[in-house]
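Working notes, structure below.
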Amino acid sequence: MTGSTSDWPLWEVFVRAKRGVSHVHAGTVHAPDAELALQNARDLFTRRSEGVSLWVVKSSEITASDPDDRDAFFDPAADKTFRHPTDFELPDEVANM
């Protein structure tokens with residue numbers, strides 16, 4: 001691939017610190033393909049044994065919510081009580097829940 005590295009696609013990097021925990025976003029790298037993105041991510045984000053697993057995802061493949069739509073998009077719908085467990089009565093057979 002020709003050109004500068006800034007012409008390479010941007011990749012989002014997720015690191016899992018140890019087994020049993022979720023991957024957490026660690027940052028971004030530029031790379032021409034997924035394999036080199038993994039190598040760059042390993043060099044940048046796990047050089048002090050911070051992780052046991054890495055994911056890289058091309059940034060252009062991520063669909064995200066618009067911050068301007070925050071209020072409408074994340075409305076908890078408090079007027080829809082059927083979504084809350086307190087809206088339902090437990091049968092008498094259920095003693096402890």
Side-chain angles (χ1 to χ4, degrees):
M1 180 173 250
T2 60
S4 71
T5 57
S6 63
D7 295 336
W8 291 348
L10 187 66
W11 298 78
E12 302 295 328
V13 178
F14 298 86
V15 177
R16 183 167 61 181
K18 61 182 181 180
R19 288 178 167 243
V21 298
S22 301
H23 285 77
V24 175
H25 187 255
T28 59
V29 294
H30 284 277
D33 56 39
E35 184 176 333
L36 193 53
L38 266 178
Q39 291 177 11
N40 290 345
R42 179 200 61 205
D43 293 345
L44 283 172
F45 299 107
T46 64
R47 60 186 155 202
R48 293 183 201 98
S49 300
E50 293 96 338
V52 296
S53 175
L54 280 173
W55 288 350
V56 291
V57 180
K58 198 180 278 189
S59 295
S60 62
E61 298 296 325
I62 295 175
T63 303
S65 62
D66 186 345
D68 292 337
D69 295 337
R70 182 185 63 198
D71 292 337
F73 198 76
F74 295 104
D75 179 15
D79 60 330
K80 297 177 180 173
T81 60
F82 59 90
R83 293 184 175 179
H84 303 283
T86 56
D87 193 59
F88 300 95
E89 290 186 25
L90 288 176
D92 293 336
E93 295 81 22
V94 179
N96 299 315
M97 184 150 185

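Along the sequence shown, residues are numbered consecutively beginning with 1.
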Tell me which donor-acceptor pairs under 3.5 Å the side chains of residues 56-66 have, and how far apart each pair is, sequence neighbours excluded?
from, atom 1, to, atom 2, distance (Å)
S59, OG, L10, O, 3.3
S59, OG, E12, OE2, 2.7
D66, OD1, D68, N, 3.0

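Pairing each heavy atom of A31 with each of N40, the nearest pair is CB-ND2, 3.8 Å. For H30 against W8, the heavy-atom pair with the smallest separation is ND1-O, 3.0 Å. The two residues A17 and V21 have their closest heavy-atom pair at N-CG2, 4.1 Å. Considering all non-hydrogen atoms of both residues, F45 and V15 come closest at CB-CG2, 4.1 Å.
Panel note: side chain H25, backbone G27; a donor-acceptor pair is recorded below 3.5 Å.
Hydrophobic clustering keeps L54 apart from F14 (ILVMFWY residues linked when any side-chain heavy atoms are closer than 4.5 Å, directly or through intermediates). In the hydrophobic cluster analysis, where Ile, Leu, Val, Met, Phe, Trp and Tyr join through side-chain heavy atoms closer than 4.5 angstrom, L38 is grouped together with W11.
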